[in-house]
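Scroll down for the structure; my scribbles are underneath it.
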Amino acid sequence: MRRLLFSLALLSALIMLVINILPEPGGERTPHEILRAKHSVTRKPSVDHAKFSVLDGPFENPQDVTRVCISCHTERHIEVMQSSHWNWERIEYIEGKGIRKVGKKNILNNYCIGISGNEQACNRCHIGYGYGDASFDFKNPYNVDCLACHDQSNLYMKAGAGMPDPNVDLAKVAKDVGAPTRTNCGTCHFFGGGGNNVKHGDLEMALFEPSREMDVHMAVDGVNMQCVACHTAEQHQMLGKLYSVSSMNRDRVSCETCHGGLPHADKVLNNHTLKVSCQTCHIPTYAKDHPTKLQWDWSTAGQLQDGKPFSQVDDQLGVETYMSTKGSFVWGKNIKPEYAWFNGTASHYLLGDTFDPADTLQMNSLRGSYDDPDAKVVPVKIHRAKQIYDVEHNYLIQPKTVTNHPGDSAFWREFDWQRASAAGMREVGLPYSGKFDFAQTVMYWPINHMVAPASKSVTCAECHTRQGGRLEGLNDFYMPGRDRVLWIDRAGAGLLVLTILGILVHGTARFIVSRRRNGGH
Amino acid sequence: MKRELVYPVFERFWHWTQAALIILLGVTGFEIHGSLHFFGFRQAVNIHSVAAIAFLILICFAVFWHLTSGAWRQYLPTSTNIRAQVDYYVTGIFRGAPHPTKRSVLSKLNPLQKLVYAGLKVLVIPLMVTTGLIYMFYRYPQQYEVISLNIEGLSVVAAIHTLGAFLLVTFLIAHLYLTTTGTTPTANLKAMVTGYEDLPDEQAVAHERNLLLKTETVS
């Protein structure tokens, strides 16, 4: 009896212990509540710019608006002029290349190739007035465009070389200014690469007014966070940048800033945060609403019908699959990201770098591996392209594509690669041999936006599976559920089979013998 | 024949709880490994972790019990009668020969059992516990920045853990089969449930053995 009681006591102790160890139900989440409370408060501005007579106008040119802005905000333009939004370059250290100025002026990308010679079109999104060619005066404070980011009237529009559209009533806009909203940021950042969601895949028009399904943070039926809630700025220096034009691990926006390093109520999930970024599980798909460009083949550009440029549209997605000006595209919607190790540093192909055309050229590459303690798995959009290059010099060509005036060799008017290449290379000051071909290139775009509600996040088995898992391509580490030591599995299975066979033989023999013996009796 | 309490309450509780936990750990473990699909990966991980902790607690109690009750002596491997025991399984069992090892309350295990159980206790289980703990907590050295305790990855740990799992499953299957080799096919099972077993007294054993020897010499 005493023993029985002892055993029962033991059993109950065991059960109590196990119950205590079971994961706690994720009910209270204080940090989240704090975050929600913080972002549900709308700050009321301390001044009403509409009441300032100095902004009555009319303004002859946009520089006059800036002149008025900095008459009160006396030092802000200096801050802006130190920012990458203004300079379109940063001083970066690139492993193997040293300290370089890196930015849109010398980085070629996988889409419209580069801005040089094409400033009229590309630079409509520069926050300066009149960046129409390389001679733009970066030191003139009156060229700073305050309105692009601070307009709240939604009436402001930029045009060629970053000048305002001539129809904009500058006085009206100047009287309705405030902290940047998604509309301010999105007007440029959602349309990179020449259209909605073309470049990033995770930044698109749908984020002007997104649902929770689209993005939990920016959701209008949710926390309704603006871009600047995460991309905070100290003296106009924004946190966060994109690794298509930046190399160093600094000024990054991270989920952990708000959510901490161990954000889950579940220990097993928290264990993942050492090697897996938040985005990997919480952004199961991107390009949720509008398709994004996945492939761009420039080599087919320039075909004409009856001497005229034409385009073809994909009926399902409603986007061009061919344009005489740009070539052929592959688009995708609701895309599962690809995955890469990333430690926060990237390398870049810079204008004039030579490469081996037999290999696929990495326009930018994310650094990191499993062994790198700073690296985590991140979701990426990998954009694949065919870009024009000089077959003698073995470097990419910066062609002139956008026309400023007739006869300027622009490809989108003349459809002549020779003339466009010669003009473009003259613009960037590099020799052109006169011989070109097209090379395979790839570009990595880390996916950071369109965070899904937790219930929609990537499930365990989507990675922890033998075949076809999301991380199938990352093979420099052991992942339970995916990987195995083949000989151990084979030897183990063999051992089991042999054991069972032995039992069958032994058992059958015993059975037969015992029957015979019993029968004999 | 006399009815004796061979397996006291704790020993039975420990045995069956351990059996249940090992089966649960096996099923969930092989699901985590990717060989089975039963609970779903996430549930399998959760169950595996909880069962592992329960098993650890059980091990602590079992070690305590074995040490305080002196039952650990049961497992001291011996070379005597190993040959006889092997012969019994290979040939004797078919002739209806008696077990070569005399079972008693103080000595329940035959020499093969002693060898295998001791192997499990000092080799396989500790290996599984160690690799399992590393598996469970491998992140924490880094979290607390005890860099000297860091491990690079799970590949070796997981390989050893899997190897041990295969050994345990093999043991389990063979063990289940061998329970049928008692005086009747269910005798051993009954003993492990009730604790009581009809142990042959010494005279009966001797008598049977003599009978057998006689029949052999006659034929």
Side-chain angles (χ1 to χ4, degrees), chain A residues 3-4 6-8 10-11 13-15 17-19 21-23 261-262 266-275 370-371 373 459-467 476-485 488-489 491-493 495-496 498-500 502-503 506-507 509-510 512-514 517, chain B residues 8-10 12-14 17 31-35 37 40-46 49-51 53-54 57-58 61 65 89-90 93-96 135-140 142-143 150 152-163 165-167 169-171 173-174 176-178 180-181 185:
Chain A
R3 276 181 181 167
L4 187 73
F6 171 69
S7 280
L8 280 174
L10 210 69
L11 185 69
L14 198 70
I15 291 166
L17 275 164
V18 171
I19 286 170
I21 285 152
L22 278 167
L262 301 167
D266 183 322
K267 200 184 74 185
V268 178
L269 292 182
N270 277 340
N271 283 354
H272 285 72
T273 61
L274 187 70
K275 292 286 185 190
Y370 178 82
D371 294 328
T459 58
C460 310
E462 287 183 64
C463 297
H464 294 279
T465 185
R466 276 281 157 75
Q467 270 161 356
D476 57 348
F477 69 107
Y478 183 96
M479 180 160 68
R482 180 190 70 176
D483 299 322
R484 53 182 169 166
V485 182
I488 290 181
D489 273 26
L495 189 66
L496 283 178
L498 282 179
T499 309
I500 291 165
I503 286 171
H506 198 264
R510 268 174 66 206
I512 294 169
V513 166
S514 81
R517 199 184 303 125
Chain B
V9 177
F10 178 81
R12 280 177 285 143
F13 164 75
W14 164 63
T17 314
E31 175 147 16
I32 295 165
H33 188 57
S35 325
H37 297 281
F41 189 88
R42 174 151 194 184
Q43 205 52 33
V45 170
N46 288 342
S49 306
V50 174
I53 289 158
I57 297 164
L58 187 68
F61 281 106
W65 177 80
Y89 286 127
V90 175
I93 193 166
F94 300 112
R95 290 184 277 111
Y135 221 122
M136 250 182 189
F137 294 103
Y138 88 100
R139 179 205 159 107
Y140 292 99
Q142 277 130 323
Q143 192 193 348
N150 279 359
E152 294 293 324
L154 284 175
S155 52
V156 177
V157 175
I160 297 170
H161 205 69
T162 314
L163 191 70
F166 275 113
L167 291 177
V169 175
T170 309
F171 165 79
I173 291 170
L176 278 173
Y177 173 69
L178 289 171
T180 66
T181 61

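Values below: every heavy atom of this structure, side chains too, minus hydrogens, waters and symmetry copies.
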What are the two closest heavy atoms between [X] and [Y], and how far apart are they?
| X | Y | value |
| --- | --- | --- |
| Tyr478(A) | Ala158(B) | CE2-CB, 3.2 Å |
| Phe41(B) | Cys460(A) | CD2-CB, 3.4 Å |
| Pro480(A) | Tyr135(B) | CG-OH, 3.0 Å |
| Met136(B) | Asn271(A) | O-ND2, 3.7 Å |

For Phe13(B), is it the side chain, the backbone, both, or neither that has a heavy atom closer than 4.5 Å to a heavy atom of chain A? side chain
Can you say whether Val169(B) sits under 4.5 Å from chain A via the side chain, the backbone, both, or neither, judging by heavy atoms? both
Against chain A, work out which of Ala165(B), Ser155(B), Ala44(B) has the most heavy-atom pairs shorter than 4.5 Å and name it. Ser155(B)
In terms of heavy-atom pairs under 4.5 Å, which option from Val45(B), Thr17(B), Thr180(B) contacts chain A the most? Thr180(B)
Any side-chain heavy-atom pair of [X] and [Y] under 4.5 Å:
| X | Y | result |
| --- | --- | --- |
| Ile173(B) | Ile503(A) | yes |
| Phe477(A) | Leu154(B) | no |
| Arg42(B) | Val268(A) | no |

Using a cut-off of under 4.5 Å on heavy-atom pairs, state which of [options] scores highest against chain B.
| options | value |
| --- | --- |
| Arg482(A), Met479(A), His464(A) | His464(A) |
| Asp371(A), Thr465(A), Leu269(A) | Leu269(A) |
| Ala461(A), Ala491(A), Ala509(A) | Ala509(A) |

Give, for atom [atom1] of [X] and atom [atom2] of [Y], the distance between the pair rounded to the nearest 0.5 Å.
| X | Y | atom1 | atom2 | answer |
| --- | --- | --- | --- | --- |
| Tyr89(B) | Arg510(A) | OH | CZ | 9.5 Å |
| Thr170(B) | Leu495(A) | OG1 | CG | 3.5 Å |
| Asp266(A) | Asn46(B) | CG | CG | 6.0 Å |

For the side chain of Tyr177(B) and the backbone of Gly507(A), is there at least one donor-acceptor N/O pair under 3.5 Å apart? yes
Region of [X] that comes under 4.5 Å of a non-hydrogen atom in chain B:
| X | result |
| --- | --- |
| Leu498(A) | neither |
| Thr499(A) | side chain |
| Arg466(A) | side chain |

Does the pair Ser35(B) and Arg484(A) meet the rule for a side chain to side chain donor-acceptor pair (under 3.5 Å), with working shown? CA-CA 10 Å; Ser35(B) 325; Arg484(A) 53 182 169 166; over 6 Å; no
